[in-house]
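Okay, structure first, notes after.
Protein chains get the first letters and strands the later ones, always in sequence-line order, with residue 1 at the start of each.
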Number of protein chains: 2
Amino acid sequence: MKKTSLNDIALHLGVSKTLVSFVLNGKGKEFRISEEICKKVLAVSKELNYQPNRIAQGLRTGRTNTIGLIIADIANPFFGILGREIEQEAAKFGYRVIFCSSDENPEKSRQQIEMLQQSQVDGYIISPPKDSEDQIRALALGNVPLVLIDRFFPEIECNQITVDNFDAAYRATNHLLRMGRKRIANITVNLDLINMNQRTEGYKQALRDSGHRVEESLIKVLPFSHENKEVAKAVKDLVTKNSQNKVDAILFSTSKLGINGIESISALGLKIPDDIAIVSFDNPDAYKICVSPVTVVNQPLKEIGKTAVQILLGEIKHPDNHAKIQKIILKTDLIIRKSCGS
Amino acid sequence: MKKTSLNDIALHLGVSKTLVSFVLNGKGKEFRISEEICKKVLAVSKELNYQPNRIAQGLRTGRTNTIGLIIADIANPFFGILGREIEQEAAKFGYRVIFCSSDENPEKSRQQIEMLQQSQVDGYIISPPKDSEDQIRALALGNVPLVLIDRFFPEIECNQITVDNFDAAYRATNHLLRMGRKRIANITVNLDLINMNQRTEGYKQALRDSGHRVEESLIKVLPFSHENKEVAKAVKDLVTKNSQNKVDAILFSTSKLGINGIESISALGLKIPDDIAIVSFDNPDAYKICVSPVTVVNQPLKEIGKTAVQILLGEIKHPDNHAKIQKIILKTDLIIRKSCGS
DNA sequence: TTGAATTACTAAATCGTTTTAGCAAAAATA
DNA sequence: TATTTTTGCTAAAACGATTTAGTAATTCAA
């Protein structure tokens, strides 16, 4: 059951495939193909269920209508929602998306970028892992449509869409202070990622601005791929009564940390917010139904995804004016629930 | 900065592109290309950073090394984890994945299948929405590598990987009965989906086998795209004191229902498991940290994803023996937490 | 009534691979 | 020495579209 090609339609009607191509691309008028023939072509193409071969089109035109997406992990709802939005917005304009999960591993992302290059994608949306500057720089210099999301590298000039992480953490920390918390910890991952770094800087600044001392021992930095027990260990050190690091609040920089953290806190028999207050970045379902619903920094995921696609498609369609690089910083909102007391 | 092609390497060395193609495909020996030339080709290809154009390869060979995936919604962690596993297993064998979220909408899935056909994907992994029989049948008859996951259509002969939903619901319901619950409801979606249907059938059979009557008014069927308040309404009818439908346990057929349901139950000021016991299908993070950690039917998502890819690649590589269709039914496990009492 | 313009189309090149068929030179065999 | 075999390579077609440059037939203008 071979697929119908342009040529099949042409043979069927005794015309050239040039003509068929013109008609099916809506250029019948432009190339003065007679009404009558146009209709016949359309009819036969429907009759034979013609489906254009996008691969052949891609080879000829150099455009595949495909974009490559590299994120940390599509199974993580944060990226799931982002990916969903990107897929949807891209589909609106006739673009498909090849999804790649890098696991924050630069070697994987290198391979994925290479694969996407070979696949001749028209552009890239990437949430770059640490130590991937070289890859990103090479892409950016290669003059390929590219948008970074969630993080970026300050020294690379490139379209990017992020949230104001510093501000978000600053406000979250301030909220904890306003609620009367005196000693606040921060559990985070991998400070080589600029977004994470900015979160911790915002946290520090809020402490300083309110006259508190920043205690490095209250900042727990875990590796990206952390296990439940590593979070448990960090939490334990921060909440047990006789620990010299005993705190009354924790700011979690990711929801994965927060979810594991809440599990640990519960396991230790402590109550939120009575024994310890918490605020977390990101807004998974889990936080709505847990013992004490969690106050969160909510990121505008839909807007990030949608804007990323729009900027990317803009670049794809007008490759010329790559002069105006866009660096978009979106605002987050703090959703106040019960985990900080009242 | 044009990309290096086979021809560029050939010109650079003064040899034919045929030769270059042979060498780079590891067929130097087979076609008796001299060691010396082989080395030179390899060297120049590295020097010019040659990246094969997979689009051109695809056009020539008819194989794109790409698979199309259609699921309900990649933002839903259930499908996120599944998608992740599929991406990972496919990558192992050099295959890329185009992700499509159908929102359980047959018209969307129709368009997506068409798009994937045009993209010349080598095979399909699909979680088919209701009313998409015709599309699936057409694919299956078209003799294209295809694997269905999560659901299927009984009347279509096709590879499929599902879990034993009947058995899972039967055991879940039995667990509730063993824990002393007398009146058990089921909140579910869209019984036109066979997996959902089987869950409710398993629930009914468990009731019958233990001498209970099946009360249709205790089975709440919501539309697939339900709002929080629709769940709230169903829950309210089942748990309020003076309702004639008052139950002491609910089996949720999806985690989306369960999460919304727990929110509603809390909002009504009721306690789990004291006032009402619950069991839910699927195992999102939320269930681990909520007021009373939820007993769940856990599906082997990784195995589903991995097996789907393996069967699909088997079909892609041996298109001939499509005679042996595989219908795999995996077991679920019931993870007992605190939501049913003790 | 001739030259120009318009109409309605087509031939052929091209994109970057793969793959078949074949060729010239060297080596082996008779 | 003549023939066959082997070695080491190449030309060209093909995949299915797009696109440029053209051409023959008709109509129009002067």
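Checking D:dT20, C:dT19, C:dT10 against the side-chain heavy atoms of A:F31 singles out D:dT20 as nearest. Comparing D:dC9, C:dT10, D:dG16 by their nearest atom to the side chain of A:R60 picks out D:dG16.
For the residue pair B:Q135 / B:S109, a side-chain donor-acceptor distance below 3.5 Å is found, with atom types taken as modelled.
Contact check, B:S34 against D:dC9: a side-chain N or O comes under 4.0 Å of OP1 or OP2. Close to D:dC15, at under 4.0 Å from its OP1 or OP2, lies no side-chain N or O of A:K3. Between B:S5 and C:dG16 there is no side-chain polar atom (N or O) within less than 4.0 angstrom of OP1 or OP2. Neither OP1 nor OP2 of D:dA17 sits under 4.0 Å from any side-chain N or O of A:N7. In this model, the phosphate group of C:dG16 is not approached by any side-chain N or O of B:Q57 to a distance below 4.0 Å at OP1 or OP2. For the OP1/OP2 pair of C:dT18 and a distance below 4.0 Å, the side-chain nitrogens and oxygens of B:S21 include at least one atom meeting the criterion. Checking the phosphate oxygens (OP1, OP2) of D:dT19, a side-chain nitrogen or oxygen of A:K27 falls inside 4.0 Å. Checking the phosphate oxygens (OP1, OP2) of D:dT18, a side-chain nitrogen or oxygen of A:N25 falls inside 4.0 Å.
Comparing B:P52 and B:R32 by the nucleotide of DNA chain C that holds the closest heavy atom to each, the one mapping nearer the 5' end is B:P52. Mapped onto DNA chain D by nearest heavy atom, A:A56 and A:F22 fall at different nucleotides, with A:A56 at the one closer to the 5' end.
Looking at heavy-atom distances under 4.0 Å, A:I37 makes contact with sugar-phosphate atoms alone, never a base. Among the heavy atoms of the strands lying under 4.0 Å from B:G14 are primed sugar atoms or P, OP1, OP2 only; no base atom is included.
Note on A:R96 versus A:D122: no salt bridge recorded, every NZ/NE/NH1/NH2 to OD/OE distance being 4.0 Å or above. Taking 4.0 Å as the cut-off between side-chain N and carboxylate O, B:E87 and B:K92 do not count as a salt-bridged pair.
A:I81 places none of its side-chain heavy atoms less than 4.5 Å from the side chain of B:I74.
Side-chain atoms of B:T61 come within 3.5 Å of backbone N or O of B:Q57 as a donor-acceptor pair. No donor-acceptor distance shorter than 3.5 angstrom exists from the side chain of A:N49 to the backbone of A:K46, with no hydrogens or angles considered.
When the P atom of D:dG16 is taken as reference, atom CZ of A:R63 falls 23 Å away, rounded to whole Å. One atom, CG of A:N53, and another, C1' of D:dC15, lie 8 Å apart when rounded to the nearest Å. Atom-to-atom, CD of B:Q51 to C1' of C:dG16 comes out at 14 Å; the value is rounded to the nearest Å. Atoms CD (B:Q118) and P (D:dG16) sit 15 Å apart, rounded to a whole Å. We find that CG of B:L11 is positioned 12 Å from P of C:dG16, with the value rounded to whole Å. The separation between A:Q120 atom CD and C:dC15 atom P is 14 Å, rounded to whole Å. Per the geometry, NZ belonging to B:K40 stands 14 Å off P belonging to D:dG8, to the nearest Å. When the P atom of D:dT20 is taken as reference, atom CG of A:L19 falls 17 Å away, rounded to whole Å.
One cannot find a donor-acceptor pair under 3.5 Å joining the base of C:dT18 and the side-chain atoms of B:K17. No hydrogens or angles were tested; on distance alone, nothing pairs the side chain of A:T61 with the base of D:dA17 as donor and acceptor under 3.5 Å.
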